[in-house]
Amino acid sequence: MSGNSTIGEAAIRAGCQCYFGYPITPQNELTEYMAAHLGRKKGCSFIQAESEIAAINMVYGASLVGARAMTSSSSPGISLKQEGISYLAACELPAVIVNMSRGGPGLGSISASQSDYFQATRGGGHGDYRTIVLAPSSGQELADLTHRAFDLADKYQIPVIILGDGMLGQMMEPVEFKHEAPEELPIRGNALRGAKGRPSRIIKTFTSKPTELEEINWSLFRRYQLIRKEETAFETFLVEDAKLIVVAFGIAARIAKGAIKNARTNGMRVGMLRPVTLWPFPSEKVKELAKRTRHFLVFEMNMGQMIEDVQLALEGKGEVSFYGRPGGVIPTPSEVLRVVSRLYHQKGLESGK
Amino acid sequence: MSGNSTIGEAAIRAGCQCYFGYPITPQNELTEYMAAHLGRKKGCSFIQAESEIAAINMVYGASLVGARAMTSSSSPGISLKQEGISYLAACELPAVIVNMSRGGPGLGSISASQSDYFQATRGGGHGDYRTIVLAPSSGQELADLTHRAFDLADKYQIPVIILGDGMLGQMMEPVEFKHEAPEELPIRGNALRGAKGRPSRIIKTFTSKPTELEEINWSLFRRYQLIRKEETAFETFLVEDAKLIVVAFGIAARIAKGAIKNARTNGMRVGMLRPVTLWPFPSEKVKELAKRTRHFLVFEMNMGQMIEDVQLALEGKGEVSFYGRPGGVIPTPSEVLRVVSRLYHQKGLESGK
Amino acid sequence: MSSGKTGSKIKGYIEIDQELCKGCQICIAFCPKDVISLSDKLNSSGYLPVLFNDSGECTGCAICAVVCPEVAIEVYRG
Amino acid sequence: MSSGKTGSKIKGYIEIDQELCKGCQICIAFCPKDVISLSDKLNSSGYLPVLFNDSGECTGCAICAVVCPEVAIEVYRG
Amino acid sequence: MLIKTIFAGFGGQGVMSMGLNLAQAAMLEGKNVTYLPSYGAEVRGGTANCTVAVSDEEIASPVASSPDFIIAMNQPSLVRFQNQIQSGGVLFINSSLIEAEISRGDIDIVRVPANSIAEKLGSPRSANMVMMGAFTKKSNIVSVSSVIEGLKSALKDKQKLIAINEKALMAGYDLL
Amino acid sequence: MLIKTIFAGFGGQGVMSMGLNLAQAAMLEGKNVTYLPSYGAEVRGGTANCTVAVSDEEIASPVASSPDFIIAMNQPSLVRFQNQIQSGGVLFINSSLIEAEISRGDIDIVRVPANSIAEKLGSPRSANMVMMGAFTKKSNIVSVSSVIEGLKSALKDKQKLIAINEKALMAGYDLL
Amino acid sequence: MRKVYTRPRLLKRVPFHYCPGCGHSVVHRVMTELIDEMNLGDRIIGIPPPGCSVFAYHYFDVDMAESAHGRGAAVATGIKRAFPEAIVFTYQGDGDLAAIGTAETIHAANRGERITAIFINNAVYGMTGGQMAPTTLSDQVTTTTPYGRDTKIEGYPIRMSEIVALIRGAVYIERTAVNSPANIRKTKKAIRKAFQAQIDDLGFSLVEILSPCPTNWRMTPLESWQWIDKVMTKEFPLGVIKDITGKNDAD
Amino acid sequence: MRKVYTRPRLLKRVPFHYCPGCGHSVVHRVMTELIDEMNLGDRIIGIPPPGCSVFAYHYFDVDMAESAHGRGAAVATGIKRAFPEAIVFTYQGDGDLAAIGTAETIHAANRGERITAIFINNAVYGMTGGQMAPTTLSDQVTTTTPYGRDTKIEGYPIRMSEIVALIRGAVYIERTAVNSPANIRKTKKAIRKAFQAQIDDLGFSLVEILSPCPTNWRMTPLESWQWIDKVMTKEFPLGVIKDITGKNDAD
Ligand SMILES: Cc1ncc(C[n+]2csc(CCOP(=O)(O)OP(=O)(O)O)c2C)c(N)n1
Ligand SMILES: Cc1ncc(C[n+]2csc(CCOP(=O)(O)OP(=O)(O)O)c2C)c(N)n1
Ligand code: SF4
Ligand code: SF4
Ligand code: SF4
Ligand code: SF4
Ligand code: SF4
Ligand code: SF4
Ligand SMILES: [Mg+2]
Ligand SMILES: [Mg+2]
């Protein structure tokens, strides 16, 4: 089962009732999986929308009435969804948005890339909002994080982005699904379901009083602080004695891990920090690691985006280098190993503490 | 003449031949100005498009054939243009995009706000691209920077964003226009004009070879480095002896300036750095200022976005505080003064060096 | 609020909410009996509302209420 | 390239670019004279191209060329 | 000196042009000026207002949270703005349409029966100019001749309109 | 040990299912596996390929820039991939369709007349299985019984198809 | 005497923010009456647009949610698919439905979504200050057609109802107006039929309502009401445009 | 003997990347012939779409530029307004023109933009792997309608040409096919008329071309060519749908 299908199956098992999407390579298998498996499922709905914009707004509609809803696309299509995501965030509506990103900018290439990091983590749409951003790096994690995405979305009433890439979407790996699809999910208490037996309800942000909107912003902000505290997730690998820590996410982290294993066999004390949540970013962990390790290599399949979060976390208390390949080029573990070794020697890390 | 009309007039005097827009408060006067003044001008074209998406793609079309073209909108409409901006950046096409931003996220409010900073400075669309971002803070600067925007766009073949806000758009101030509209502009050499007397020409990014797209990214990156070097612009105000420097842009900088003047009369040594280009951000200047001044107060009409650029520039070599009002609330100079004084005293800046 | 007054032989009457009325005068134009007219006193929203002239001619046909954009008119018929 | 051969009395002939042809066989279906047939040798792109059988019947009507999606056929008439 | 004035009233009362008038006049006198109209989803046919700031120096914010002068052309404007005016400020009331008592003792109140005067002058639509005249005299921000000059340039060559407006303006000016 | 294999050929030659077959078999043997199909705008009816990585450890990258094994089912695939194979690797050539000389001396070359064998077996469409058999034997990544088991689970209960494929597989297997 | 006309129960007791003579509030009243009469208050969900009617939720006493400009039909689709028991309507301006929302409208109709679009055609963008709408008449002056709409440059007023009528998933389409007692009554009847088509699970229904905008037409309220008859209906003829609900008009 | 049929001059000498039997390349050939015959090579600008024909610029030897999915009509509008001397065409798939690009298409037509849309209807999303297109036929199996297109859920195939024909700014609309010599010739004639309408500054023109996609229809090339006649034209009848160019057919 391809990574894309894995997301589909995991979503269904997480109780996803509605999927609205629009074809774009390299995530079509997800749309197709949902067409085959969600489309005729009782109480569920699949629509191939007329556009990405329609799709995200259908998700908005389904979320209004309390359904677990999902959409997916790849880079250009995600750009088109920015207005909709901003609306979801503003109205505090849960939703899961998958971006199996590809080479950009423009029409770019259909090859895997990580150049939508800024867009995902800093709210590519207008206004001060954030979305939780999960970055899986294996088939298994595609399944696990998809499930987590729906739970987080509901828990915090927030849109959650799964930031994958074309390679994760295409490739197949053995996967174990840990949940069965629920029989029925409870309807979110604040959903619009018709004003039966209760006062009518309004979901909106628009106001002619800026202070009202400010209050919405502050209340979102407080929730964001809570999420930062509670939900930051990461993986570390051989960081305890590391003289150099590679920071990488998603497929890049996997490639880096291969390089690090090799570096270790070559006697280099190299470790890795892999943010699993890109937002909230594991800044505290970076700070903590910087107490023992001075050198960081940020490795991304882009021109350098996550590096800003690493630098922001370090506040000058560490040296940061960068290696990146944009446009859909997939670096090899040995290429990364070469970069690691060069840096390791340049910084004179082989000698003593 | 309102700020919005000022932009319109300045654009026409900069030789803008095409304006394609869609109504949205608070920038309608610009669209209307162009309808009245560009629409019937010889060799020029005004269209009220069917949507913001159509508008940005019309700009793309006009830019393909070498025309100076512009579109404008406000926050939600700018979100919709992200795909188009990414295409413009990818295809190295000049264009001017005005965002008179308003309170967000979602439908938000029509009141002035600065919460689209991330979107503007980090390429809200997909892929690794940048746009030059100019942030005027007065009527006169609206005129001057609009002219500059067209020149920069052509010089670097890049989309340029003018990031204003609803207040700048609405208010009137005396303005002096320093240029006359040119009789005729030379056609950009690489424009599509039909393959007359030369081989046919293609403008595109799509490729099945990621390395080709990588090369495009690197070539863009080199240009971005050049722009960083050549075009970073800022204004400083009383920074020489400042113990506290307020960093603010646009209308917020103006408000801050009022507060600073007052702080000075109260004996506080407060100065200001106002980035005029938000991208490229005046990081070098921040670094330089940090040699003499330890405390920085970032003041934005949002929840804290530019603050990241200040922190990135400082690399821990300065203390950064933040004051922000989101959602379209306009802080007063005396409110900012209160914040400044409190901070000044908290940090014990009144005593000695 | 305003001119509502129940008389015998009167077929109908209307009550106009002076605060809701925005003085658009649409009701005046459509009333077949010509029993509505403009007031000369602004209401608190700054509009000149209209008044019902209870001349006994009102049929309670409710045309005025059907056209009133502000839902400012209630109609009685007996 | 392939079978082009000019003979007297022959009304027409065609040349099929063996490398451009993708063996879709559309030309075979439309040729009124049935003078095109499938080759048994893959071309370097891995397609089985078609061959012109110069039986003298070809009229140079160009129907094959009009339908060929690969523009692989040139037609001669005389 | 930075002086901020809010002009407020119904949509049709010409409060926006009063503000523009002041801005225009101040510009002619070489001062720094900002003019900020306010509008919003809620103003469909409701009240309208604008803020004018005049100063010898750069103007920090075009917004007036505690203006020096307020011109209330109708009752709702009075209700909305009377508490914002700063101590020692002046409140101009169109007494033709406003009856309310003002509770604040720390401000100066000028009552101008703008509508009745305008009606008397035979041009009921220039109540705003009557008020503008009174405001010009009392506020002393700009000279009345600058206001007139501004009026003329705004109305281009509509001589008749200029004459009417000027008359109304002077009637207000001479009132105080 | 990490072993990477690229299967390449025309769209219709079943190279994708060869890859899936290997992946399936390796999974049954409890190994780490990644399967990566390649496709792109350029593959409209052209060549197709997929990469399978099998390892006892976590697999860093599913991409094979220098694969251990390459299966070239047609000429264009050979041209495209022959230089990528790593020294000491094995190149499987469908000799029914490929005539070319191979210049590299640092690799092992196995020629399998997959199409002719398949035709002889009366099932010309299972040339890929013939090749798969030879590949299984030579590469020794997975056991032939795992491949067969994988085949069965992929083809569910299409008994006839399973039989045909198994026959072809064994014909290739027994070739070497 | 008995009260024969009073405020509809589902119309909240707040004054409208609309300009004097505006048609939006007339439609609101008619709709709230109807929702009550049809007993839909418990299960109806409304999607008002950015536009002058952005605050419609302040008036309708039913569940409602804001939508992005033009996306009403997509939002309503999401609602209906996730919660088919609901009766869902969008309330959209001509800019909203016929410009930026063109694709969403046409494709929701094409899928035969069981939703109802209430389409307020006032021939301008009211909310944003009177710009040209796709339905602006030829030669009509707006803030973005200061010299009048020139059909050679800006195109002709678009007849969205006729376009949607071509689409098979659309089952009931009527154009009405709210500029006279009779037309207001017809509007109510049309919306009733549109809702009924949805209740009967037949497909997409749309009621286009010609609605006065005295402010942006720069007319008195009465002039604007008359202009609809005199001018607007020439371009946008009133009447049932499509009815394949199979229901005959009983009254 | 003289060469009576050869590769058009404006068709670059590179093999097509299309599948065997695909209609795209037939249209490319016809168009390049025509551009040469009409002497437009010097001033024509083409906008190919994301879609199977994304690489059209590799074949047409004229100025061309990439466009965002569905936005061809807007891009072409920008080009034509900025450079009216150009002859501008978009080349769009059914997903591109009739799904995501619906609004841009309709409004460009409505403004009467002097541009020509070449609309390749192959009833699927070819490029992305055979998903449902708005024009997919009822019951047709695609990768997103694995059980066949169910009109109750996914709606009916949309007839975009008929919709655009309703719009006054559109002056020439014809539906043709590229599945037989006669139809290919008619396609060429139709495109000629469409270009001519643009040259004559009359308005928007569109030629919808039914085009085989053997790969995603899972047919042999020949079956796919025949399927157009047998099945597709029943839903999408061929012929001139609108012609208000006032030109009579001389040949
Ligand atoms: C994406 C986006 N673009 C533009 C706007 C601004 N906007 C709000 S309402 C509106 C159109 C109003 O016109 P119409 O739909 O006809 O409604 P009316 O006000 O006339 O009732 C526009 C353009 C917006 N809110 N969002
Ligand atoms: C914004 C965006 N969404 C989706 C895509 C992916 N995409 C590329 S082509 C295409 C549709 C192809 O179908 P069609 O337009 O019918 O052209 P065909 O390939 O059938 O000729 C899609 C959805 C994209 N490139 N950009
Ligand atoms: S009820 Fe009829 S007669 Fe009476 S006031 Fe109203 S419209 Fe006139
Ligand atoms: S129709 Fe209503 S709002 Fe208008 S004048 Fe009559 S009562 Fe007042
Ligand atoms: S030219 Fe005519 S007769 Fe000759 S091969 Fe072609 S189709 Fe057949
Ligand atoms: S039509 Fe062309 S491509 Fe197809 S078989 Fe004939 S020559 Fe070859
Ligand atoms: S602007 Fe027009 S549509 Fe909007 S409230 Fe006023 S009259 Fe109604
Ligand atoms: S997928 Fe279909 S449309 Fe695309 S190239 Fe192949 S046959 Fe042509
Ligand atoms: Mg409208
Ligand atoms: Mg298609």
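All values below come from the heavy atoms of this structure, side chains included, with hydrogens, waters and symmetry mates left out. All chains are named by letter (A, B, ...) in the order of the sequence lines, taking the proteins before the strands, and each is independently numbered beginning at 1. Here the structure is a predicted model, which means the values were calculated and not measured.
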### Task
With Arg193(B) as the cation and Phe83(H) as the aromatic partner, state whether NZ or CZ is under 6.0 Å from the six-membered ring centre and within 45° of the axis.
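Yes, a cation-pi geometry.
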Give, as side chain, backbone, both or neither, the part of [X] having an atom under 4.5 angstrom from any heavy atom of chain H.
X	answer
Ala195(B)	both
Glu83(B)	side chain
Leu192(B)	both
Cys91(B)	side chain

### Query
Do you know which of Ile106(H), Leu40(H), Thr77(H) has the most heavy-atom pairs under 4.5 Å to chain B?
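The answer is Thr77(H).
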### Message
I need the residue from Ala68(H), Gly70(H), Ser67(H) with the largest number of non-hydrogen atom pairs under 4.5 Å to chain B.
### Response
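Highest number of heavy-atom pairs under 4.5 Å: Ala68(H).
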Segment of [X] engaging chain B (4.5 angstrom heavy-atom cut-off):
X	value
Ile45(H)	side chain
Ile87(H)	neither
Arg43(H)	backbone
Lys80(H)	neither

Is it true that the side chains of [X] and [Y] contain a donor and an acceptor less than 3.5 Å apart?
X	Y	result
Glu29(B)	Ser5(B)	no
Tyr59(H)	His24(H)	no
Asp63(H)	Ser200(B)	no

### Message
So which residue, Ile56(B), Leu64(B), Ile187(B), Ile47(B), ends up with the most heavy-atom pairs under 4.5 Å with chain H?
### Response
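It is Ile47(B).
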### Message
Looking only at heavy atoms and a cut-off of under 4.5 Å, which of Thr205(B), Val59(B), Thr207(B) has the most pairs with chain H?
### Response
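Of the options given, most contacts go to Thr205(B).
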[Y] and [X] aromatic ring geometry - parallel, tilted or perpendicular at 30°/60° bounds:
X	Y	result
Phe206(B)	Phe55(H)	tilted
His126(B)	Tyr87(B)	perpendicular
Tyr19(B)	Phe46(B)	parallel

#### Entry: From Lys188(H) atom NZ to Leu34(H) atom CG, the distance as rounded to the nearest 0.5 Å
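Lys188(H) NZ to Leu34(H) CG: 6.0 Å, rounded to 0.5 Å.
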